[in-house]
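These numbers come from the heavy atoms of this one structure, side chains and all, not from hydrogens, waters or symmetry mates.
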Amino acid sequence: MLEETFSHGNSIIHKADPRAKLITALIFILITATLDSLLASATALIVSLIFLFMARLAKFKVLKRLVLVNGFIAFLWLFLPFSTPGETLFTIWKLEISLAGIELAGIITLKGNAMLLSIISLISTTPIPVLGHALSSLRVPDKFTLLLLITYRYLEVIQEECNRLTTAAKIRGFVPGTNLHTYRTYANLLAMVLIKSFERAERVYQAMLLRGFHGKFYSLQKFHFSLTDLAVSISMGICSLGLMLLDYLHWPHLLVLFQ
Amino acid sequence: MHISEGILPTTILATGGLIALTGTIIGLMRMEQEQVPRVGIMTAAFFVASLIHVPIGPSSIHLVLNGLVGILLGWACFPAILVALLLQALFFQFGGISVLGVNTVIMALPALIFYFLCKPLINSKTGYLLGIGSFISGFGAVLGAGILVAVCLALAGKSFFPAAKVILIAHIPIMIIEGIITLFIIQFLRKVKPEMINPSIT
């Protein structure tokens, strides 16, 4: 269930320095978040598609993921075309669909997906333990990366424990429904999971101390920032700046200037 | 419960990011070295719990439990929720990176507020006061999260008003179920492991 679907591969992106990928992704995502013109958002999507292409991920899986996470955006499409004031494009059942509304929803869809694709191709292509060490070498506080790594490490363990309890409940004839009994059963089950986690944490910490832990996990993997990484980061930086410029110039308004 | 990428304007993203950063720094500072494994493993437990679907009528909802996170972790709920949301963004691409701060605030701020409001009730020796306190925390933390999502959307522009209203209304059944489940969980913990209810990270 908790698979890192995109973390393994043999592409240029998978082999790149995780720190370089993380920083370029952050710059690209943060700049894309500020865009508010259709053209700049569409360009951002194209840039992110190039990265997706370079990461050579299973296309069907990426598409499936995109469909899943576009739920919120689809939900907004139900409202924005009707609720945005502006020039009416056409009318269905007395509901006016405005051009401005379509444009707003379009911008959100384009830049939202550009950001999602860049997360998939630049951040999710690093396994999470490696990402933790990359964060650490980028001077993120040790306590935070430790928290991330421990949470990641125990997700599967606790998931398994939770499944065991659910199976036990099923064997005893538990069928979930909309009633207080169901809620009480789930609550007791979860309370048990929490107690087991709490007790496990004590044992884990003692085991860590026994092995000489003092505040940080060390990694044997050394990161190497190569010339390719430099070239990719710089071109990505230029692309992001270009997006900003494109957005600032606001193409439709620029066309008005020429008329 | 999350807002996805590409929707909110820069000012809201930046404000959310700053509040989340402050909360996380305070949470990390109040956490002792030896508490980090405990917060981490509890975060994993909450992550797993939020994958459980509870039936309601013909449909089902997944649990949020941010109220419970507040009661059990205190100030550490900020870093814990941040880590959980980061992992969700990395595993499933739910939420996102630029909205990570906003989403953390949406979940953690009400959790923390209701933790402090209900602390006297939850620490009381009387069974029913504890019950009331834990119901209010569970209910209120989701109510607060729903309100914050709606406010963020409404601040993004007038055209988002109808969507914000629908989201707020959709949260009502979740609030009630969260209140009930938080109440039962706290009652169980009080019987079986009472030391879990008073976090030393406050």
Enquirer: Measuring from atom CD1 of A/Ile128 to atom CG of B/Leu90, what distance do you get when rounded to the nearest 0.5 angstrom?
Expert: 5.0 Å
Enquirer: Go through the atoms of A/Arg65 and report whether side chain, backbone, both or neither lie under 4.5 Å from a heavy atom of chain B.
Expert: side chain
Enquirer: Sort A/Leu131 into side chain, backbone, both or neither according to what part of it lies under 4.5 angstrom from a heavy atom of chain B.
Expert: side chain
Enquirer: Could you check which of B/Thr10, B/Leu8, B/Thr182 has the highest count of heavy-atom pairs closer than 4.5 Å to chain A?
Expert: B/Thr10
Enquirer: Quick one: what part of A/Tyr186 sits under 4.5 Å from any heavy atom of chain B, side chain, backbone, both or neither?
Expert: side chain
Enquirer: Counting only heavy atoms from other residues, nucleotides and ligands, does the tally under 6.0 Å from CE of A/Met244 exceed 12?
Expert: no
Enquirer: Between A/Leu104 and chain B, which part of the residue has a heavy atom less than 4.5 Å away: side chain, backbone, both or neither?
Expert: side chain
Enquirer: Which region of B/Phe188, side chain (C-beta onward) or backbone (N, CA, C, O), has a non-hydrogen atom less than 4.5 Å from a non-hydrogen atom of chain A, or is it both or neither?
Expert: side chain
Enquirer: By a 4.5 Å heavy-atom criterion (distance strictly below it), what part of A/Leu148 contacts chain B: side chain, backbone, both, or neither?
Expert: both
Enquirer: CZ/A/Phe79 to NZ/B/Lys165 distance, rounded to the nearest 0.5 angstrom?
Expert: 10.0 Å
Enquirer: Which bit of A/Leu194 comes within less than 4.5 Å of chain B, counting heavy atoms only: side chain, backbone, both or neither?
Expert: both
Enquirer: Sort B/Leu28 into side chain, backbone, both or neither according to what part of it lies under 4.5 angstrom from a heavy atom of chain A.
Expert: both
Enquirer: Does the side chain of B/Ile167 reach to within under 4.5 Å of the side chain of A/Phe75, using non-hydrogen atoms?
Expert: yes
Enquirer: Indicate yes or no: at least one non-hydrogen side-chain atom of B/Ser4 is less than 4.5 angstrom from one of A/Ile73.
Expert: yes
Enquirer: Using the side-chain contact (heavy atoms from CB on, under 4.5 Å) rule, take A/Thr32 and B/Glu5 through it: C-alpha gap first, then chi angles, then the decisive distance, then the call.
Expert: CA-CA 10 Å; A/Thr32 307; B/Glu5 292 274 40; over 6 Å; no
Enquirer: Check whether B/Leu63 gets within reach of chain A through its side chain, its backbone, both or neither, counting any heavy atom under 4.5 Å.
Expert: side chain
Enquirer: Mind listing the closest non-hydrogen atom pair of A/Val69 and B/Phe92 along with its distance?
Expert: CG1-O, 3.4 Å
Enquirer: Contact between B/Ile25 and A/Phe144 at the side-chain level, heavy atoms closer than 4.5 Å - yes or no?
Expert: no
Enquirer: Identify which part of B/Leu13 has an atom lying under 4.5 Å from any heavy atom of chain A, answering side chain, backbone, both or neither.
Expert: side chain
Enquirer: Which atoms of B/Leu82 are under 4.5 Å from chain A, going by heavy atoms: the side chain, the backbone, both sets, or neither?
Expert: side chain
Enquirer: Would you mind checking which part of B/Ile180 comes under 4.5 Å of any heavy atom in chain A, side chain (CB onward), backbone (N, CA, C, O), both or neither?
Expert: side chain
Enquirer: Under 4.5 Å heavy-atom distance to chain B, tell me which part of A/Leu30 shows up: side chain, backbone, both or neither.
Expert: side chain
Enquirer: Could you tell me if the side chain of A/Val193 sits less than 4.5 Å from the side chain of B/Val48, heavy atoms only?
Expert: no
Enquirer: Against chain B, label A/Glu161 side chain, backbone, both or neither, depending on which of its atoms sit under 4.5 Å from a heavy atom there.
Expert: neither
Enquirer: Does the side chain of A/Leu190 come within less than 4.5 Å of B/Leu65's, by heavy atoms?
Expert: yes
Enquirer: For the residue pair B/Phe94 and A/Phe72, establish whether any side-chain heavy-atom pair is separated by less than 4.5 Å.
Expert: no
Enquirer: Using heavy atoms and a sub-4.5 Å threshold, report which of residues 152-161 of chain B line up against chain A, by residue number.
Expert: B/Leu153, B/Ser159, B/Phe160
Enquirer: Evaluate the criterion side-chain contact (heavy atoms from CB on, under 4.5 Å) for residue pair B/Gln33 and A/Leu146; output intermediate values, then yes/no.
Expert: CA-CA 10 Å; B/Gln33 183 81 73; A/Leu146 193 61; 4.1 Å; yes
Enquirer: Treating B/Lys193 as the side-chain partner and A/Ile195 as the backbone partner, does any N or O pair qualify as donor plus acceptor under 3.5 Å?
Expert: no
Enquirer: Any idea which of A/Cys162, A/Gly177, A/Ala100 has the most non-hydrogen atom pairs under 4.5 angstrom with chain B?
Expert: A/Gly177
Enquirer: Of the listed residues (A/Leu76, A/Asn188, A/Thr109, A/Leu149), which shares the most heavy-atom pairs with chain B below a 4.5 Å separation?
Expert: A/Asn188
Enquirer: Report the option among B/Val36, B/Val166, B/Leu68, B/Thr43 that has the most heavy-atom pairs separated by less than 4.5 Å from atoms of chain A.
Expert: B/Val36
Enquirer: Taking side chain as everything from C-beta outward and backbone as N, CA, C, O, which of these in A/Tyr154 sits under 4.5 Å from a heavy atom of chain B? Side chain, backbone, both or neither.
Expert: both
Enquirer: Measuring heavy-atom distances to chain A, does B/Pro79 have an atom under 4.5 Å in its side chain, in its backbone, in both, or in neither?
Expert: both
Enquirer: Roughly how far, to the nearest 0.5 Å, is the CG atom of B/Leu189 from the CE atom of A/Met192?
Expert: 9.5 Å
Enquirer: Could you tell me if the side chain of B/Phe47 sits less than 4.5 Å from the side chain of A/Leu155, heavy atoms only?
Expert: yes
Enquirer: Among B/Gly40, B/Ala80, B/Ala89, which residue forms the greatest number of heavy-atom pairs with chain A at distances under 4.5 Å?
Expert: B/Gly40
Enquirer: When rounded to the nearest 0.5 angstrom, what is the spacing between CD1 in B/Ile41 and CD in A/Glu202?
Expert: 10.0 Å
Enquirer: Using a 4.5 Å cut-off on heavy atoms from C-beta on, say whether the side chain of A/Gln159 contacts that of B/Leu51.
Expert: yes
Enquirer: Which heavy atom of A/Lys143 sits nearest a heavy atom of B/Met29, and at what distance?
Expert: NZ-O, 4.2 Å
Enquirer: If you measure from CD on B/Glu34 to CD on A/Gln206, what distance do you get to the nearest 0.5 Å?
Expert: 11.0 Å
Enquirer: Check whether A/Phe82 gets within reach of chain B through its side chain, its backbone, both or neither, counting any heavy atom under 4.5 Å.
Expert: neither
Enquirer: Working to the nearest 0.5 Å, report the span between CG of A/Leu189 and CZ of B/Phe184.
Expert: 14.0 Å
Enquirer: Can you tell which part of A/Leu180 gets under 4.5 Å to a heavy atom of chain B, answering side chain, backbone, both or neither?
Expert: both
Enquirer: For chain B, which of A/Ala25, A/Ser41, A/Ala114, A/Ser197 has the most heavy-atom pairs under 4.5 Å?
Expert: A/Ser197
Enquirer: For the residue pair A/Lys111 and B/Gly6, what are the closest heavy atoms and their distance?
Expert: CE-O, 3.1 Å
Enquirer: What part of B/Ala84 lies closer than 4.5 angstrom to a heavy atom of chain A: side chain, backbone, both or neither?
Expert: neither
Enquirer: With a 4.5 angstrom heavy-atom cut-off, could you sort out which part of A/Leu147 is near chain B: side chain, backbone, both or neither?
Expert: both
Enquirer: For A/Ile158 versus B/Ala45, what's the shortest heavy-atom pair and its separation?
Expert: CG2-CA, 3.8 Å
Enquirer: Heavy-atom count check: over 12 atoms from other residues, nucleotides or ligands less than 6.0 Å from B/Arg190 CZ?
Expert: yes
